[in-house]
Amino acid sequence: MSPCATPQRPPMIQPAPITTSTPTLTSEMLKDVVRTKTYQNVIYQNKFLIKDKVVLDVGAGTGILSLFCAKAGAKHVYAVECSQMADMAKEIVKANGFSDVITVLKGKIEEIELPTPKVDVIISEWMGYFLLFENMLDSVLYARNKWLVDGGLVLPDKASLFLTAIEDSEYKEDKIEFWNSVYGFDMSCIKKKAMMEPLVDTVDQKQIVTDSRLLKTMDISKMSSGDASFTAPFKLVAQRNDYIHALVAYFDVSFTMCHKLLGFSTGPKSRATHWKQTVMYLEDVLTICEGETITGSMSVSYNKKNPRDVDIKLSYSLDGQHSKISRTQHYKMR
């Protein structure tokens, strides 16, 4: 219950485990209507971007984006996929009668050689949890630098990361504070580890306590690899009296070269996607009043030992009527 008796909200949906099972993960992504339908609309409603063009699909998976491009009149599509799914993609392409238009290449984009010196369009669904997890963006930038013609297109071309704050006492008590006393035994060392691991989960918009702030916008057509590591300040303003247990990150993606701007958001106020949101629990419970602000900064970088992982440094301060706190926390997306 908040200081001003804010209404109860339903509990958070239990998070699905991050799976490495290719068929399961592929099915989840294809069934993500927000994701897949947006790409389909971008291609079918803007055929002038694709028709008679040579297209490179980076991280093609089943080849669904390549199939969209072929159907939209692409001159040729090179679908690059490093996993065993490449073998399935070849069968799918053949089964749908596009073997003469789509060439599936199995291997890492950094290691394969294309049968063409340049491409007109690069398309990819490279976004991971927290936008940057698994570091597929670097592969897109590598492909762009090596094969994209001057003036060529990268789809999507813009991605923005946002931050907001939520009340989440029920989940934090159940999953984090639980470790303080497990059948009478102190297991708080596990709590410390649990606090460092951001949770990928679906956040109910009723949990949101503050406004949202833009942390970073990336222009995929122009940025360098190093731009994905950054430090950004933020200022979150409380929209009601409540408690804050976690900060939540989400991202938007835009296709700005379309005749009409298209894109999607993974935010808690938008239709759910398989990316969900990324929840970072705070060590402190912040008692905040309407109009008070949480200020701070977030630093994001790829892990030096494993560049697929993301390290996050979060500094935050609240100088409020009921809470005066300043702290820095570290998180690791693994």
Side-chain angles (χ1 to χ4, degrees), residues 126-138 140-141 156-168 195-203 205 207-239 244-256 261 263-270 273 275-284 286 288 292-303 307-318 325-334:
W126 55 267
M127 300 78 70
Y129 299 121
F130 190 70
L131 182 62
L132 298 171
F133 183 58
E134 293 189 331
N135 196 15
M136 192 175 158
L137 175 58
D138 267 2
V140 175
L141 300 181
D157 60 323
K158 295 286 177 63
S160 299
L161 189 65
F162 294 86
L163 191 68
T164 189
I166 63 168
E167 182 279 328
D168 196 29
M195 288 287 293
M196 292 182 66
E197 296 178 349
L199 178 72
V200 176
D201 200 0
T202 301
V203 172
Q205 62 176 308
Q207 298 173 250
I208 300 171
V209 178
T210 69
D211 57 358
S212 295
R213 292 292 174 174
L214 173 67
L215 289 174
K216 177 79 170 179
T217 294
M218 300 179 188
D219 185 338
I220 316 306
S221 62
K222 298 177 181 178
M223 69 180 289
S224 66
S225 176
D227 293 338
S229 296
F230 63 89
T231 298
F234 64 83
K235 179 181 178 181
L236 301 175
V237 182
Q239 297 177 323
I244 290 174
H245 299 89
L247 299 189
V248 174
Y250 63 92
F251 64 88
D252 292 359
V253 168
S254 301
F255 300 78
T256 68
L261 180 65
F264 60 84
S265 175
T266 65
K269 294 183 179 180
S270 301
T273 71
W275 288 286
K276 302 173 183 163
Q277 291 87 41
T278 302
V279 182
M280 292 161 283
Y281 285 102
L282 305 180
E283 290 184 25
D284 310 289
L286 309 184
I288 197 165
E292 292 182 347
T293 61
I294 304 170
T295 59
S297 65
M298 178 177 284
S299 298
V300 178
S301 60
Y302 289 117
N303 183 265
R308 290 169 59 89
D309 297 342
V310 177
D311 293 334
I312 302 166
K313 178 184 176 183
L314 175 66
S315 297
Y316 60 91
S317 297
L318 171 62
I325 293 170
S326 183
R327 189 183 294 279
T328 296
Q329 291 182 229
H330 297 267
Y331 305 89
K332 299 178 183 297
M333 292 202 73
R334 299 290 184 261

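Numbers for residues simply follow the sequence, beginning at 1.
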Can you name the side chain to side chain donor-acceptor pair (under 3.5 Å) partners of [X], sequence neighbours left out?
| X | value |
| --- | --- |
| Thr295 | none |
| Thr164 | Thr210 |
| Ser254 | none |

Nearest 0.5 Å please: distance from the [atom1] atom of [X] over to the [atom2] atom of [Y].
| X | Y | atom1 | atom2 | answer |
| --- | --- | --- | --- | --- |
| Ile288 | Gln239 | CD1 | CD | 10.5 Å |
| Thr217 | Asp227 | OG1 | CG | 12.0 Å |
| Leu163 | Leu314 | CG | CG | 7.0 Å |
| Ser299 | Phe230 | OG | CZ | 8.5 Å |
| Leu247 | Phe234 | CG | CZ | 5.5 Å |

Between [X] and [Y] (side chain of the first, backbone of the second, donor and acceptor by atom type, cut-off under 3.5 Å), is there such a pair?
| X | Y | answer |
| --- | --- | --- |
| Gln277 | Val203 | yes |
| Asp309 | Arg334 | no |
| Asn135 | Pro307 | yes |
| Gln329 | Glu283 | yes |
| Trp275 | Phe251 | no |
| Arg213 | Lys235 | yes |

* Compare all side-chain heavy atoms of His245 with those of Glu167 and state whether any distance is below 4.5 angstrom. =>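 Yes, at least one pair of side-chain atoms sits under 4.5 Å.
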* Just wondering, do Leu236 and Tyr316 contact through their side chains at under 4.5 Å, heavy atoms? ->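 The answer is no; the side chains never approach within 4.5 Å.
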Would [X] and [Y] count as having a side-chain donor-acceptor pair, cut-off 3.5 Å?
| X | Y | value |
| --- | --- | --- |
| Ser301 | Ser229 | no |
| Asp252 | Ser160 | no |
| Ser221 | Asp157 | no |
| Tyr250 | Ser212 | yes |

